[in-house]
Amino acid sequence: MLQLPQEQSFALSLGVFQLVCLIFFAVHFETITPKSAEALDSPNRADGYYSMYMDVHVMIFVGFGFLMTYLRKYSLSAVSLNFVVGVMALQWGIITVTMAHQVGEKHYPKANIDIPALINGDFAAAAVLISFGAILGKTTPTQLLWMTFFELIFYAINETILMESLEVIDAGGSLVIHTFGAFFGLAVSLQIGAPPSHEQHHNTSRYTSDIFAMIGTLFLWMFWPSFNAAMVPSDGFRQERAIVNTLLSIAASCASTFAATQVLATAKKFDMVHLQNATLAGGVAMGTACELALNPASAITVGLVAGAVSVTGYRFFTPALERRIRLSDSAGILNLHGMPGVLGGLAGAFATMALSDDNYGDVLTSIYEAREHRSAHEQGGYQLLAIVVTLGMALVSGTVVGMFLRSPLLFRQQQQKYEDEEWFHLPGHVDLLPLGSSPPSQREMDSTFGTQSPQTSYEPMSIKTS
Amino acid sequence: MLQLPQEQSFALSLGVFQLVCLIFFAVHFETITPKSAEALDSPNRADGYYSMYMDVHVMIFVGFGFLMTYLRKYSLSAVSLNFVVGVMALQWGIITVTMAHQVGEKHYPKANIDIPALINGDFAAAAVLISFGAILGKTTPTQLLWMTFFELIFYAINETILMESLEVIDAGGSLVIHTFGAFFGLAVSLQIGAPPSHEQHHNTSRYTSDIFAMIGTLFLWMFWPSFNAAMVPSDGFRQERAIVNTLLSIAASCASTFAATQVLATAKKFDMVHLQNATLAGGVAMGTACELALNPASAITVGLVAGAVSVTGYRFFTPALERRIRLSDSAGILNLHGMPGVLGGLAGAFATMALSDDNYGDVLTSIYEAREHRSAHEQGGYQLLAIVVTLGMALVSGTVVGMFLRSPLLFRQQQQKYEDEEWFHLPGHVDLLPLGSSPPSQREMDSTFGTQSPQTSYEPMSIKTS
Amino acid sequence: MLQLPQEQSFALSLGVFQLVCLIFFAVHFETITPKSAEALDSPNRADGYYSMYMDVHVMIFVGFGFLMTYLRKYSLSAVSLNFVVGVMALQWGIITVTMAHQVGEKHYPKANIDIPALINGDFAAAAVLISFGAILGKTTPTQLLWMTFFELIFYAINETILMESLEVIDAGGSLVIHTFGAFFGLAVSLQIGAPPSHEQHHNTSRYTSDIFAMIGTLFLWMFWPSFNAAMVPSDGFRQERAIVNTLLSIAASCASTFAATQVLATAKKFDMVHLQNATLAGGVAMGTACELALNPASAITVGLVAGAVSVTGYRFFTPALERRIRLSDSAGILNLHGMPGVLGGLAGAFATMALSDDNYGDVLTSIYEAREHRSAHEQGGYQLLAIVVTLGMALVSGTVVGMFLRSPLLFRQQQQKYEDEEWFHLPGHVDLLPLGSSPPSQREMDSTFGTQSPQTSYEPMSIKTS
């Protein structure tokens, strides 16, 4: 940044970013300090929300982090950068979302940091990490930090518009998180550009990295019901319904993915990229409608469609977009978050219009506050409007931020695409063996590891020279 | 199936299976729709059961999935097929168990899908995935789907007989889940047959796959208390007692496994197969008795025996059964689930007869409903009968389903045993590099990965040709 | 031990250890047996503590276990020995801590094993596994068992002194767990000695083992709020405050680690050792003060300092200590647990003195029982004294136990440092292929795995001979 050496630009950017967070927390937030004996008898808020919060936390750091380890030479970067970006995003997300709502309400009290605030921080981190997926392997850590900083300002504005002005429902964030994160990331990636094909050697997986990525996939898949239900109020079985609807939908997207990958893939074999990603599309697509009184078959149908659309995207859309408009989407977020997110928004709008108020009885306005003064069709219209607003906000702000990040005056660009080596010490350097020690013999290595010994790789070299 | 090309048979089977589930869910199940304001004040069912359900969910998808990645060339299949089979089994299990109980009670109302129903779905998936262990690497995905479909019908019948007719306790499923799943799977495997030794090259592990398998082992081991306690009612500390008894038992089986593996194993070294599996036997063996008022030392003793029996099985019984009756048991489910399951059934029966009613006071009949009209010894007799019934159901139905699956008219059989390649796109194909790009130099690869570069493998080839 | 062959010494030691635990559980502990109908209506203790207990459980077995898989040839040992040591430590820890408190109170009733007891068992296991980190790869499994046995006696004495005599707060164990475990382990390691440099070939990581270690790091990092809050009473939002303070602190240590590693590391690149470990220092450092009414910025500042101190330790202190006083600290526990633990003790003492009683109101004496008769400054003085007591107890008892473990009369020492092979069957031996089978062709292996085939390693050998 500003022509600083790369390591200084990163450490300086991180330091400034953390300092900004520290100042906001110091002056505008406060701890929970109940002072009366009554507080001793109040229900323990650590019970209600906390175990779901931990599930969401696992999705952010292990789920997203390991899902992105699939690249064969970028696994350390994927899991590590996901870690630090997640940490900065959750802090900054708490601040920006709190501030945006206060600006919306024109009321600025000191805010508490409690467990719901932490969940909102993780939700904000999810949006940023989705965007990260589009540019995985193509940007420097410094650029990622600044993307996080700016993205969350627009994220918070969009969230506030949807919740406060449009008064829509979106408990699991089909729109606020997935649609916004995906189209913001795609807009950034379009600005950054697609690497030429000779820089794409390493834009592929290894056998081992494909297994690591499944750790991410499975933790995301298993805990998605917690993600969608975490912020649903626990009254009136709404939280339980959000859990059940999400489970049915994400189970269905797993099923349709396994069917679709084999039918559509080359050579009619399972494609791990599809299994790692499209299996999750049903969770994304149930983010808006999860708390509604859907028939179980409707939830399953949404998931089936989401999985099939997602596989189709990976198989046909992503390569076509890269060929035609140089839009490179490393992890295929259009297919996992973009299209299923919009589908989720549509499902929410349609269910809002189609389901009879009889399904809700007295609970109706605790789900849709605005139904005090809106008809079901009006509410459905606002739900549709929210999709358009989110798409517009994401594409415009993503384009602006992308233009900023690609500026050669401000940022050095990533040199070795899809490779750890530019930023990470890597193990396995033969010359790291202590001086004077003889390397272990070939025989010894064989009997221990088969081929994973660091010796094998230069053994052929010694043959050449002899 | 019916001589369809393999990819069509799988996608078609999966589509039909999912359609059957969809229809049942559409016509016979309904969502949770509380309509009165009172519902707003009802306790949140998402609290009580949900965090244990998520633990069970992790056991099914990460626990079983990664435990089976131990094969050196079948890791992608193991984790992926575990995923899709688990997803179909949990849907179909909800349906079959619900329907079997309704048939038992001759009463057919529309059923709710709530969190306890989801736990029952995961329990059903556990039984199927245990059976999968016996035939790991030897059947096609299509065969697995049809095994799942038929197994769960018999599973639900057996579960209903045990719970409704015999009125036995089995909260953690020593009988219903582990004994049934294991002996069903062994009966299927006996029909499928054991591969000749020249097809068993790959029936072994790699260094890395042994570590991946430990992910599965540990998540199963840690969350087993949740598995056994999930469906125990939370009244009267029963759930807490189920947790404590299971923890003590599974800790003890870990200890006896580490002792036994070293004493019994060849060369007196730790055998990872034992550590990955037999350490869990104490959880299986505490599935029936977990909620009873056992002395802590009794719970530990059950676990110690289970671990030792399991190691003995891996060391001596499994190879002997393959040699003598061509019974191939890939993951050793006889040792992890079969024998410990029966042991758990015996422990439950014995504890039922031996423990004084004074331990339970007024709580007695909320544990054993049938104790209203049965003596402790009668109840113990029914517990023993349940073992026999389960073994009989499992062996007969498993044999029938195995004969169906091995039919060459209906199913193509797996060609390459214990290998992903028949069904999965595998990474690392050199010809996937973009045309015109030069491969990275050997030196570059060395400095990055040591030996894990995709180049090493053909480097010797180029030497040969030069 | 006593010149027994190694495998017998291990199995015998483990058997004796487990027998001692069994006897204590049989004679001095009892199960939970509520007998009255009222018990049916009591709140379910499985709700309140249980989901946090499971998080702690994951930290002990997956967190510590995988964190220590980073060594390139010791991953199986790391995760397996962590497993069995954890299992013995949690049993023995329940016993020693219960007995020490009973000795302190001179009152010896039979004790219940309930969920809080299980959490205390896992806390004890954490202390032992921290000590294990210092001697990773340098001691035999037998030595580890005996270290566990003796360490937990001193651990329980220290814990009882701090809680009963000094009456200090330390909910997350900055002192009781981290400081004690670290300095005990360092004292043991100083006695065991540092391997000469020619035995340190394998004291380094592989690309894959670095990724496995991140599984451990992330689960520790995510669940640390549960660790610190698990034993905080749930009244008065104290548990929620412990969660929030820990989250903010550990997030900050992640941020300062990423900045510091790049500034301080050689070649200005990220060092995975730092990212795997120092990111967690903020959780350690918030172990004492977590339940206090800290300003959010204070919690963040503690974490920032902890992360920076930890990276500095890894970069400069650990190598210097090994060079100058032959203190080998394999996993760098001085930097992850020792210094941040002391920092946490200081932060707790300082916050105790600095924060006004107005922050607590009526809740004050439910946090600090001794504040009934102590001023804030007196309490702070006792908090400082607790640091000194813990350091003294740990260093003295660790030295004694270390001298015992290094005795050549009693214990065979580890021969192959940092290697699995001495104790584990390893896969991948070519001669394990069934006789008469031809190995798969090179071409077949290439197309499947790239270079991870077990064949590659001897392919060059065959070239040499041709």
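Letters go in sequence order (proteins before strands), and every chain restarts at 1. All values below come from the heavy atoms of this structure, side chains included, with hydrogens, waters and symmetry mates left out.
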Q. Between D271(C) and F424(A), is any pair of side-chain heavy atoms under 4.5 Å apart?
A. no

Q | T148(A): partners by side-chain contact (heavy atoms from CB on, under 4.5 Å), with sequence neighbours left out | A | F17(A), V85(A), A89(A), V128(A), L152(A)

Q | Minimum-distance pair of heavy atoms, taken over all atoms of A259(C) and L14(A) | A | N-CD2, 3.5 Å

Q) Going by heavy atoms in the side chains, are F83(A) and L218(C) under 4.5 Å from each other? A) yes

Q.
Heavy-atom cut-off 4.5 Å, strictly under: side chain, backbone, both or neither for I23(A) against chain C?
A. neither

Q: Taking the side chain as every heavy atom from C-beta outward, state whether D420(A) and F270(C) have any pair of such atoms under 4.5 Å apart.
A: no

Q) Is K269(C) reaching over with its side chain to a backbone N or O of L426(A), donor-acceptor style, under 3.5 angstrom? A) no

Q. Where on L364(C) is there a heavy atom nearer than 4.5 Å to chain A: the side chain, the backbone, both, or neither?
A. neither

Q.
Do I300(C) and C21(A) have side chains that approach each other closer than 4.5 Å (heavy atoms only, starting at C-beta)?
A. no

Q: Could you name each residue pair satisfying salt bridge (Lys or Arg N to Asp or Glu O under 4.0 Å) that touches residues 290-303 of chain C, not counting sequence neighbours?
A: R238(C)-E291(C)

Q | Minimum heavy-atom distance V84(A)-C254(C), with the two atoms named | A | CA-SG, 4.2 Å

Q. Do the non-hydrogen side-chain atoms of F25(A) and N295(C) ever get within less than 4.5 Å of each other?
A. no

Q. Can you check whether S226(C)'s main-chain N or O pairs, donor with acceptor, with Y50(A)'s side chain at less than 3.5 Å?
A. yes

(Q) Which atoms of M272(C) are under 4.5 Å from chain A, going by heavy atoms: the side chain, the backbone, both sets, or neither? (A) side chain

**Q.** Interface residue of largest heavy-atom contact number with chain C, from T69(A), L76(A), L118(A), I113(A), under 4.5 Å
**A.** L76(A)

Q.
For the NZ atom of K268(C) and the CH2 atom of W423(A), what is their distance to the nearest 0.5 Å?
A. 13.0 Å

Q: Please confirm whether the backbone N or O of A255(C) pairs with a side-chain atom of Q18(A), one donor and one acceptor, at under 3.5 Å?
A: no

Q.
Heavy-atom cut-off 4.5 Å, strictly under: side chain, backbone, both or neither for I250(C) against chain A?
A. neither

Q: Can you tell which part of L294(C) gets under 4.5 Å to a heavy atom of chain A, answering side chain, backbone, both or neither?
A: backbone

Q: Specify the closest pair of heavy atoms between H425(A) and A265(C), including all atoms of both residues, with the distance to one decimal.
A: NE2-CB, 4.0 Å

(Q) Using a 6.0 Å cut-off, check whether atom CZ of F24(A) has over 12 heavy atoms from anything other than its own residue. (A) no

Q) Is it the side chain or the backbone of T279(C) that comes within 4.5 Å of chain A heavy atoms, both, or neither? A) side chain

Q. Quick one: do the Y207(C) and T208(A) side chains pair a donor with an acceptor below 3.5 Å?
A. no

Q: Taking all non-hydrogen atoms of both residues into account, name the closest pair between L22(A) and A297(C) and its distance.
A: CD1-O, 3.6 Å

Q. Would F66(A) and I211(C) count as a side-chain contact (heavy atoms from CB on, under 4.5 Å) if you check the C-alpha gap in whole Å, the side-chain angles of each, and the deciding distance to 0.1 Å?
A. CA-CA 9 Å; F66(A) 272 85; I211(C) 307 172; 3.7 Å; yes

Q | Listed partners of E30(A) passing salt bridge (charged side-chain N to carboxylate O under 4.0 Å, His left out), at least two apart | A | none

Q | Nearest heavy atoms of A11(A) and V263(C), plus distance in Å | A | CB-CG2, 3.5 Å

Q: Please state whether the side chain, the backbone, both or neither of F212(C) comes within less than 4.5 Å of a heavy atom of chain A.
A: both

Q. What's the spacing between S9(A) OG and Q262(C) CD if we round to 0.5 Å?
A. 7.5 Å

Q) Using non-hydrogen atoms and a limit below 4.5 Å, what part of residues 53-62 of chain A faces chain C? A) Y53(A), M54(A), H57(A), V58(A), F61(A), V62(A)

**Q.** Test item: Y70(C) and P427(A) side chains (from C-beta on) under 4.5 Å apart, heavy atoms
**A.** no

(Q) Just verifying a value: how many Å separate D114(A) CG and E240(C) CD, rounded to the nearest 0.5 Å? (A) 5.0 Å

